[in-house]
Amino acid sequence: MYLEELKKIVTYALEKCGFVIEARIIISNRPDLCDYQCDDCFKIAKLYHKNPIAVGEEIVKCLKELTNIEETFKDIELVKPGFINFKLSDNFINKYIIVMNNTDHFGMQKKEKDELFYIDYGGANIAKPLHVGHMRPAIIGESLKRIINFAGYKTLGDAHLGDYGLQLGEVIYGILRDFPNTDVQNIKFDIAYLDKTYPAMSKLCKENEEVLKECQKITKDLQDGNPNYVLLWKQICEISIKDLKRLYAYLGVDFDFWYGESECYPIIPEMKEYLEHLGIVEVSNGAKVIPIKEATDQKELPPFLLEKSDGASLYSTTDLACIYERMQRFNPNHILYVVDKRQSLHFEQVFRAAKKANMTPNTSLEHIGFGTINGPDGKPFKTRSGETLKLDQLITDVKVAFLNLKETNKDMSDDDINKIVNAIIKFADLQNNWSRDYIFDIEKFSSVIGKTGPYILYTYLRINKIIKDIDITKDLTNNIYNEYDRNLRLKLLELESIITDAVKDRMPSYVAEYLYSLCVIVNNFYQNNYLTNLDDKQKKNDWIIILTLTNRIIKVLLNLLVIDIPTVM
RNA sequence: GUUCUCGUAGCUCAGUAGGAUAGAGCGUCCCCCUCCUAAGGGGAAGGCCGUUGGUUCGAUUCCAAUCGAGAACACCA
């Protein structure tokens with residue numbers, strides 16, 4: 001929007017000077033000197049074998065000679081080694097503030113092309129309770145989906161439940177052991193039973209090889225349609241999904257599809273036939289594989305595993321089958337996998353196999369490999385008793401910590417408390433770059449001061465209190481009243497480029513960072529511009545417009561971070 | 001062993017299509033509630049951006065080496 005216009009003006013000036021290069025205008029990293037800067041003098045100097053300062057002088061001269069240039073820039077200055085510094089005119093800033101204010105999408109252009117992003121971000125396993133490790137894909141994936149959507153692209157979210165792997169064989173083994181003399185039709189159990197059965201069976205399988213073999217056999221038979229196993233499997237899924245939906249609903253995470261791996265099982269034979277037909281399947285140690293090593297590779301890469309030596313399918317099989325199926329059904333332009341980064345080798349294998357099989361000629365496959373949540377020892381977080389922390393427990397802990405902060409917090413409605421708990425957890429997570437591990441600290445997850453979700457909510461609510469009772473009577477004038485006011489308006493303009501970058505890099509943290517800095521600036525404004533009893537009607541009206549726009553943006557960005565706003569704090 | 005990722009303030013983290021004086025939060029110290037909720041605002045202290053070289057006008061960012069931490073490495077997911 002506005003940045004394009006600035007770029008166009010400067011590029012035009014460069015052209016007039018005889019430099020054929022597209023100008024790059026960036027937000028100033030010296031706000032004390034300017035609003036925006038252009039560092040192209042160095043590049044041009046090298047390209048045309050000139051002195052950067054001489055180049056800069058030429059460009060600045062050209063710019064200043066353009067007609068009506070003062071309507072865009074208050075000041076253009078060439079500094080030291082070769083930076084061109086720009087200060088925007090009030091006129092220019094307000095022109096775009098008005099555009100943002102008068103459109104429901106803040107003046108951002110709707111995307112013309114119908115790009116579809118298929119986002120796979122659940123990764124929860126049936127029959128296993130959600131633990132802290134499941135929090136990240138849920139939050140990051142949901143936020144990414146909303147950001148991409150907001151930028152104008154189409155999205156589909158898929159929970160991709162782990163409903164067909166070995167863990168199901170293990171749980172079924174446990175059930176058969178616990179209900180030895182009961183007809184399978186009459187076996188009934190609940191979520192609490194499942195919660196304790198999986199960990200117990202998992203432990204048993206690690207200790208006892210025979211049990212493991214039996215579980216593998218059950219897994220294979222289940223895949224082949226053994227009716228008793230299928231019956232139990234259906235009950236496990238039903239109970240488990242109900243509980244998963246409860247927790248995901250608490251987090252505000254929703255999927256377009258609650259598909260599991262099992263969904264793509266019917267298509268596996270067709271896919272295998274397709275792969276065999278291509279002649280890329282080989283047999284290795286009794287298993288069917290697709291070699292994926294390329295000539296340019298330096299490193300060793302294990303082949304893609306299509307079929308185990310006992311004929312059973314595994315994780316890699318279903319992932320490839322899912323790609324095969326998704327391409328047929330939806331033909332997405334991008335498939336994003338929001339999955340723990342420890343699985344990066346797995347995804348490299350799957351992506352290479354898909355590419356080798358020419359399944360995705362015009363589709364990008366991306367692994368959003370987020371880091372693990374670690375304990376103080378640098379290993380994935382465990383509770384004091386050595387177990388993984390359940391997501392339910394984390395939420396409860398955060399809630400208790402919040403209630404204990406202030407006596408009055410206990411008077412808040414449940415709904416408001418839950419919104420704040422969500423804000424604490426999500427903002428603490430999403431402000432990080434997802435590729436990195438972070439250390440879990442319950443104290444950090446109970447803090448409401450500083451760079452936290454509650455700080456953002458508090459800012460929104462205090463601004464809302466000012467603007468809600470004052471009507472806007474006139475359009476925005478062309479004035480900017482002081483530096484706090486100006487800083488706020490400049491920050492508002494940045495919105496579009498933040499969203500664009502967040503989509504490009506798949507980074508919700510950009511949105512979180514911007515939202516926080518916007519709140520810092522608006523709090524600054526708040527503290528220094530007392531508004532309710534202001535005599536200057538015009539100034540008051542202008543400020544109400546600015547604050548209303550600011551709060552509209554804060555609200556939208558909070559939604560992109562999957563955070564809802566409570567009624568009071 | 002091979003490959004990959006990461007070393008930034010006391011702590012937890014932002015930041016790189018190479019740019020001017022490296023930013024936050026917490027913690028520490030000081031100041032601000034007659035006035036839109038102080039879950040707020042202002043200020044101070046705190047850094048050889050792991051180390052050593054290289055590339056260049058310029059490197060936290062790119063390259064190499066080195067030290068340190070973590071992860072992955074075919075029939076689990």
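Here is the naming used below: chain letters follow the sequence lines, and residue numbers restart at 1 for every chain.
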Asker: Quick one: label A/Tyr516 by what it contacts on the DNA or RNA (base, sugar-phosphate, nothing), any heavy atom closer than 4.0 Å.
Answerer: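 Sugar-phosphate: the residue A/Tyr516, judged by heavy atoms under 4.0 Å, touches backbone atoms but no base.
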Asker: On RNA chain B, check which nucleotide each of A/Gln167 and A/Lys80 is closest to and give me the residue with the more 5' one.
Answerer: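 The residue closer to the strand's 5' end, by nearest nucleotide, is A/Lys80.
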Asker: If you take any heavy atom closer than 4.0 Å to RNA chain B, which residues from residues 280-289 of chain A end up in contact?
Answerer: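 Here the set is A/Ser284, A/Asn285, A/Ala287, A/Val289.
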Asker: I'd like to know if A/Asp310 and A/Lys213 make a salt bridge, using a cut-off of under 4.0 Å between side-chain N and carboxylate O.
Answerer: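 Salt bridge absent between A/Asp310 and A/Lys213.
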Asker: Using the 3.5 Å cut-off, write out each protein N or O paired with an N or O of nucleotides 11-15 of chain B and the distance between them.
Answerer:
from, atom 1, to, atom 2, distance (Å)
B/U12, O2', A/Lys444, NZ, 2.9
B/C13, OP1, A/Ile439, N, 2.9
B/C13, O3', A/Asn432, OD1, 3.3
B/A14, OP1, A/Asn433, N, 3.0
B/A14, OP2, A/Arg436, NE, 3.0
B/A14, OP2, A/Arg436, NH1, 3.4
B/A14, O2', A/Glu513, OE1, 3.3

Asker: For A/Thr459, does its backbone N or O pair with a side-chain atom of A/Arg462 as donor and acceptor, under 3.5 Å?
Answerer: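 No, the answer is negative, given that no donor and acceptor are paired below the 3.5 Å cut-off.
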Asker: What is the minimum heavy-atom distance between A/Ile424 and A/Phe445, and which atoms define it?
Answerer: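 Closest heavy-atom pair between A/Ile424 and A/Phe445: CG2-O, 3.1 Å.
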Asker: Could you give the NZ-to-P distance, from A/Lys341 to B/C6, as a whole number of Å?
Answerer: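 Atom NZ in A/Lys341 sits about 8 Å away from atom P in B/C6.
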Asker: Taking side chain to side chain donor-acceptor pair (under 3.5 Å) as the definition, give me every residue that meets it alongside A/Gln216, ordered by chain and number, with sequence neighbours left out.
Answerer: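 For A/Gln216 there are no side chain to side chain donor-acceptor pair (under 3.5 Å) partners, ignoring immediate neighbours.
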Asker: Can you classify the ring geometry of A/Tyr337 versus A/Phe347 as parallel (below 30°), tilted (30 to 60°) or perpendicular (above 60°)?
Answerer: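 Because their plane-to-plane angle lies in the 30° to 60° range, the rings of A/Tyr337 and A/Phe347 count as tilted.
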Asker: Quick check on B/C33: syn or anti? Syn means the glycosidic torsion is within 90 degrees of zero.
Answerer: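 Syn conformation here, the glycosidic angle of B/C33 being no more than 90° from 0.
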Asker: Find which nucleotide of RNA chain B each of A/Gln37 and A/Gly123 is nearest to by heavy atoms, and output the residue with the more 5' nucleotide.
Answerer: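 Taking each residue's closest nucleotide, the earlier one in sequence belongs to A/Gln37.
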Asker: Scan A/Pro303 against the nucleic acid and name what it touches under 4.0 Å (heavy atoms): base, sugar-phosphate only, or nothing.
Answerer: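 Base contact - A/Pro303 has a heavy atom under 4.0 Å of at least one base atom.
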Asker: In whole angstrom, give the distance that lies between atom CG of A/Leu47 and atom C1' of B/C57.
Answerer: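 Spelled out: CG on A/Leu47 to C1' on B/C57 is 16 Å.
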Asker: I need the full list of side-chain hydrogen bond (donor to acceptor under 3.5 Å, both in side chains) pairs touching residues 339-348 of chain A, with sequence neighbours left out, sorted by first then second residue.
Answerer: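 Listed by first then second residue: A/Tyr315-A/Gln343, A/Asp319-A/His346, A/Asp340-A/Arg342, A/Lys341-A/Asp437, A/Glu348-A/Arg352.
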Asker: Base, sugar-phosphate, or nothing: which does A/Gln343 touch, judged by heavy atoms less than 4.0 Å apart?
Answerer: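 The answer is base, as A/Gln343 lies within the cut-off (heavy atoms under 4.0 Å) of a base atom.
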Asker: Which whole-number value in Å describes the distance from A/Leu345 CG to B/U5 C1'?
Answerer: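 So the CG-C1' distance, A/Leu345 to B/U5, works out to 14 Å.
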Asker: Can you tell me if A/Asp535 has over 12 outside heavy atoms packed within less than 6.0 Å of its CG?
Answerer: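 Counting neighbours around CG of A/Asp535, 12 or fewer heavy atoms of other residues, nucleotides or ligands fall under 6.0 Å, so no.
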Asker: Check the pair A/Ser28, A/Asn85 against side chain to side chain contact (heavy atoms under 4.5 Å, CB included), reporting the backbone distance first and the verdict last.
Answerer: CA-CA 8 Å; A/Ser28 169; A/Asn85 290 347; over 6 Å; no
Asker: Can you check each nucleotide of nucleotides 34-39 of chain B against protein heavy atoms at under 4.0 Å and return B for base, S for sugar-phosphate only, - for none, in 5' to 3' order?
Answerer: -SBBSB
Asker: Counting the atoms with a prime plus P, OP1 and OP2 as sugar-phosphate, which does A/Asp319 contact under 4.0 Å by heavy atoms, base, sugar-phosphate, or nothing?
Answerer: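 Counting heavy atoms under 4.0 Å across all strands, no contact is made by A/Asp319.
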Asker: Between A/Trp434 (side chain) and A/Ser509 (backbone), is there a donor-acceptor pair under 3.5 Å?
Answerer: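 No, because the side chain of A/Trp434 does not come within donor-acceptor range (under 3.5 Å) of the backbone of A/Ser509.
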Asker: For a quick check of understanding: with a heavy-atom distance under 4.0 Å over all strands, which category does A/Gly162 fall into, base, sugar-phosphate or nothing?
Answerer: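 Answer is nothing: A/Gly162 stays at 4.0 Å or more from every strand.
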Asker: Rounded to whole Å, how long is the line connecting atom CG of A/Asp39 with atom P of B/A20?
Answerer: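 It works out to 9 Å between those atoms.
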Asker: Is there any ring-ring contact (aromatic ring centres under 6.0 Å, His included) pair reaching into residues 502-524 of chain A, and which pairs are they, with sequence neighbours excluded?
Answerer: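 Applying ring-ring contact (aromatic ring centres under 6.0 Å, His included) to every pair that reaches into residues 502-524 of chain A, excluding sequence neighbours, yields A/Tyr455-A/Tyr516.
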